[in-house]
Amino acid sequence: MRRPVVAGNWKMHGSRSANQALLTELERRVMPEWPVDIVVCPPYVYLADAVRTLEGGQIQVGAQDVCAEAGGAFTGQVSVAMLKDVGCRYVIVGHSERRRLNHEDDALVARKFTAVLQAGLTPVLCVGETLEEHEGHRAEAVVSRQLDAVIAMNGAASFAHAIIAYEPVWAIGTGRTATPQQAQGVHAYLRGRIAQQDAKIAGQLRILYGGSVKGGNAAELFRMPDVDGGLVGGASLSADEFQQICAAAALRDAVRH
Ligand code: PEP
């Protein structure tokens, strides 16, 4: 059985005091026996604080992005070695906001994925189609293209050490969630693409759904056979919501049918 993952993408939110309060509350609410990998991804400047606060506990820390370069004259950027140095274990690459607002293309995302993998951290590769692509029934073509760029550079075997997050762009921060069946369809397709090259790795690969996941809809999404947890934006800023989502992931095997 694949162990579910719930990762919170805080985006550009938080402050030292608000983060401290949120993390302390989360630690109090998350049950150590829950069989879930739980990750929070604060902005860069708060990563070290978060690692310190969460040290020895169940919740791990991830970053929202990374520079593809190892170091040098890249003003304003942060390398994967730096993320590792402060105690990050996961790194989101290819989030749609970075693809759109920072013009990151598939090749750059693939290079970031490589950098994270080579450092021994876990990349969380985001893929997903825009509303226009969705309405044009091009979801599978788009996620294939995004996935293929990473496979071309790293091979399908690299997914033994990575996580995929399917995040339909039209569902991010919009309150419009993909139906469980829509999510399942794309997740099964992604798993099938990896299976064409390596069935064992495909069977073990965790594929998360992201896009307006909340306490109220997490259970029905996680009940789908190929949905292995969630990448959560807005709801990860509320201890109450995030706890409910983590609990839904922990209980999914009991409610799957
Ligand atoms: C995200 O930022 O990756 C995300 C899925 O956001 P939200 O949950 O707010 O839609």
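Counting starts at 1 for both ligands and their atoms, following the listed order. The figures that follow rest on heavy atoms only: side chains count, while hydrogens, waters and symmetry mates do not. The model shown is predicted, which means the values in this text are computed figures rather than measured ones.
Contacts of Gln64 classified as side chain to side chain donor-acceptor pair (under 3.5 Å), with partners at least two apart in sequence or in another chain: none. With sequence neighbours left out, Asp148 forms a side chain to side chain donor-acceptor pair (under 3.5 Å) with Arg193.
No hydrogens or angles considered: nothing links the side chains of Glu69 and Ser79 as a donor-acceptor pair under 3.5 Å.
Here Leu131 sits in one hydrophobic cluster together with Trp170; the rule is ILVMFWY side chains under 4.5 Å apart, joined directly or through other members.
Residues Asp65 and Tyr44 meet the side-chain proximity criterion, which asks for heavy atoms closer than 4.5 Å.
Enumerated by chain and number, the residues approaching ligand 1 to less than 4.0 Å through a heavy atom are Asn9, Lys11, His95, Glu167, Ala171, Ile172, Gly173, Gly210, Gly211, Ser212, Leu231, Val232, Gly233, Gly234.
Side chain of Asn154 to main chain of Val150: a donor-acceptor pair is present (N/O by atom type, distance under 3.5 Å, no hydrogens or angles).
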